[in-house]
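Handing you a structure now.
Below, chains carry the letters A, B, ... as their sequence lines are ordered, and counting in each starts from 1.
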Amino acid sequence: MGENLVIVESPAKAKTIEKFLGKDFQVKSSFGHIRDLAKKNFGIDINNQYKPIYIVPDEKKKIVSELKKLKKQSKLVWLASDEDREGEAIAWHLSEVLGLKEENTRRIVFHEITKEAIQNAIKSPRTIDSNLVKAQQARRVLDRLVGFELSPVLWKKVKPSLSAGRVQSVAVKLIVEKEREILSFIPSSSYRIIGEFWFSDQNNEKVRITAELARKIATKEEAIELLNICRSTEFQIAKLIVKPSFRSPAPPFTTSTLQQEAGRKLGFSVGQTMAVAQKLYESGKITYMRTDSVNLSSLALNISKKVISEKYGKDYHQFRKYKTKTKGAQEAHEAIRPTYIENNTISGSGTEKRLYELIWKRTVASQMSNAKLEKTTATISIKNSKDLFIATGEVIKFDGFLKVYRESIEVESEDSNKTILPPLTTGQLLNNSSITATEKFTQPPFRYSEPSLVKKMEELGIGRPSTYAPTISTIQQRGYVLKEDRPGGERDIIVIELKNGNPLDERKKTENFGKEKSKLFPTDIGMVVNDFLNEHFKEIMDFNFTASVEKEFDEIAEGNLVWTQMIDKFYKNFHKEVEKSLEVVGKTTGERVLGEDPGSGEEVIVKVGRYGPLAQLGRVREDYKPKFAGLRKEQRIDTISLEEALDLFKLPRTIGAFEDIDMIVAIGRFGPYIRHDGKFYSLNAKTDDPLTVKKERGIEIILAKREADKNKILKQYEENKEVQILNGRWGPYISYQKKNYKIPKSKDPASLSLEECMKLISEGSKNKKTRKKK
DNA sequence: CAGTGAGCGAGCTTCCGCTTGACTT
């Protein structure tokens, strides 16, 4: 067997490296960390210098025993995990668990997977950096202490199974604070004035220019005043500025920027982006996708130059080296780039192709020359007013990297559609064809989307490339945050137009506002947990907490701080806060008193209960049991009004009898419904108001449903009444003992015999069983 | 598929960062 065993973190990496090293080297993967803190008793001996209790988790036992076996057959073991805190710790855990001896162990590192980099690494091995390992240990222990002490506090004080942690709790806080900013935002409006001008050129052709008033006008009266001045005045080009400018390409992708761009350009969720990128990585098409580095290997730089020169010409190429600005970046890998930059497209699924092409364009553009632009600003004066109109134009003189790639921006701003201005001269007079004043409302801050939350977290140095996607899925799984679309509302805006000197035309227009797509909204439970943590754990919830502990981890890594001292200082204070928070009597429910029920005089409160947010009528007394009603899906504790809460208690209500049985109207998980004779009938969520719907309408709905159900049955069998062929939303299917079974496309549903049905049923249930087993 | 919210108590939940796995309508 091989003389040398090399251990890296990822199997895909192992495969590539093995090719570079030749047959004396066997390359294996540890699949990340092989040990972790035990779950029992914190996995930390708190009274004994915070001694960590490490165990090999069950799912890692197989790989550990395989590595042990291979180690025995090898002369030298090369620990080639990443060159960062976590990578160093992995190397150390490997040497501990495999029982490696210093004389036949080598620690090597490389930042890029190229033959040259790896052969150089082999030439200059070192030993394990124990200070860096200690820094990782401090990080791990701190996160465990925080997570495993805070979460149980929430179980006792709020609800079981909740969680809190250094990263996730701050991510939720960002979303809660943003939501509150938006809720408390009061829009104001002003007027935006757009003028349309023209002049005749030498050929007597009309040339048009659009310009905007340099300032916004505060009120309608002022806007009217200005428009009236403009009715009979002179417009003149007062100033003309032509300025060359340029634009530079964005750096190559990191995990965070890839998630942002794939979200904006391809509509991928953060998790989806990572899943597709993983596929591309495993099939050797891109470099590693969990990275905070914008660095490209010299190999990549040279190939880029070749590809760009051949495809677009030498003028389009420019060497660039990018430096990361990210807080706490560890840069163990390259930026995300195509493995073979000469391939501008690949074979694979549609999503793989699209993500690959995005990565290819971004990488190549990052090594291309600047785009050269010419910006023109024309200032148009109004004879008897101080106000000015501004027209801007932009001409691309040389497209440079724009030929390949344009980074998308989060919000399309109103003046992002720059146009070309016609040739103009200073002093030139202009005719005016129209001036329009349009009311514009100020906008509240933007809610976070998954990628923009990642961007913010990265800015704060919270979380790592490998955890962005999992963290976002955790806070959604815990029910702290929902990813949702919201339809938004309509509002009237005023438009006043002056056209060809005619009297002013004032009219109302409706505009849509507040529409949201795939944005992150906090839930009631998210807000309650957030407020509780903020009140009792200021230090942890501070946006700078991670940054400040990172500084201490760095000191530990440099050997200037003892890790147990750092942890001790933190824990003593933190643990005190934990105990204090437990002294708070009763549960934390985020209770809000809305007022009094005018009918009964009882207090109306909203809060979170065991099953979610609810409204409560009156408090528990010896002679009184409160009434409860769950809030509707779109209602929030923060925003519900007394009237809306009182409405909740009006249901369920009886609207009369049909066939001598009462019809009861209520709202369930799937919207408003009528219950009658043990059956449920949905109300039309848009047109039927459950609070006012009448008996006649109820009967109508029940009869309509019965009629529809009649058509639902496509076929029945006399011999076996339990088997039915039904018409469903997705076409015909077999129903048997309350379970549904598919009918293959090749069969005609109407002509199936009972035997055929039973065969399909037994096949179907077999599939279900095997599915569950695994 | 549509209701729940009293209290008891056993046993469970939970962190962050490294990695992929083996699953389907």
Problem - Selection residues 133-142 of chain A - residue pairs positive for salt bridge (Lys or Arg N to Asp or Glu O under 4.0 Å), sequence neighbours left out - result: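 Listed by first then second residue: A/Asp36-A/Arg140, A/Glu86-A/Arg139, A/Arg139-A/Asp143.
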Exercise for the section: Using the test ring-ring contact (aromatic ring centres under 6.0 Å, His included), find all partners of A/Phe532 that sit at least two apart in sequence or belong to another chain. Expected result: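 A/Phe532: ring-ring contact (aromatic ring centres under 6.0 Å, His included) contacts with A/His536.
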Handout entry: d(CZ, A/Arg619; C1', B/dG5) in whole Å
Key = 14 Å
Exercise for the section: Just jot down the side-chain contact (heavy atoms from CB on, under 4.5 Å) partners of A/Lys61, sequence neighbours excluded, or say none. Expected result: A/Val56, A/Asp58
Handout entry: Protein-nucleotide distance (A/Lys587, atom NZ; B/dA6, atom C1'), rounded to Å
Key = 13 Å
Practice task
Sort and list the pairs that fulfil salt bridge (Lys or Arg N to Asp or Glu O under 4.0 Å) and have at least one residue in residues 623-633 of chain A, not counting sequence neighbours.
Solution key: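 Passing the test, one end in residues 623-633 of chain A: A/Arg621-A/Asp623.
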Exercise for the section: Just jot down the ring-ring contact (aromatic ring centres under 6.0 Å, His included) partners of A/Phe543, sequence neighbours excluded, or say none. Expected result: none
Practice task
Applying ring-ring contact (aromatic ring centres under 6.0 Å, His included), name anything that partners A/Phe658, two or more places apart in sequence or on another chain.
Solution key: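 Checked A/Phe658 against ring-ring contact (aromatic ring centres under 6.0 Å, His included); matches are A/His676.
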Fill in the blank from the handout: In numerical order, the residues of residues 674-681 of chain A whose heavy atoms come under 4.0 Å of DNA chain B are A/Phe680
Exercise for the section: Please identify each residue that fulfils side-chain contact (heavy atoms from CB on, under 4.5 Å) with A/Lys68, with sequence neighbours left out. Expected result: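 Scan of A/Lys68 (side-chain contact (heavy atoms from CB on, under 4.5 Å), adjacent residues dropped) gives A/Val64, A/Val97, A/Leu98.
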Handout entry: Pairing pattern in dot-bracket form [Watson-Crick, G-U; both distances under 3.5 Å; | = partner strand] for DNA chain B
Key = .........................
Practice task
Report yes or no: do A/Thr471 and A/Gln168 form a side-chain donor-acceptor pair below 3.5 Å?
Solution key: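 No, no side-chain donor-acceptor contact under 3.5 Å.
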Problem - Partner set under side-chain contact (heavy atoms from CB on, under 4.5 Å) for A/Thr287, not counting sequence neighbours - result: A/Glu334, A/Arg337
Fill in the blank from the handout: Reading nucleotides 8-19 of chain B from 5' to 3' and marking B where a protein heavy atom lies under 4.0 Å of the base, S where only the sugar-phosphate is that close, and - otherwise, the string is -----BBBBBBB
Problem - Partners passing side chain to side chain donor-acceptor pair (under 3.5 Å) against A/Lys159 (at least two apart in sequence or in another chain) - result: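 If we apply the side chain to side chain donor-acceptor pair (under 3.5 Å) test to A/Lys159, skipping adjacent residues, there are no hits.
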Exercise for the section: Mind calculating the distance between NZ (A/Lys279) and P (B/dA22) to the nearest angstrom? Expected result: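 It works out to 13 Å between those atoms.
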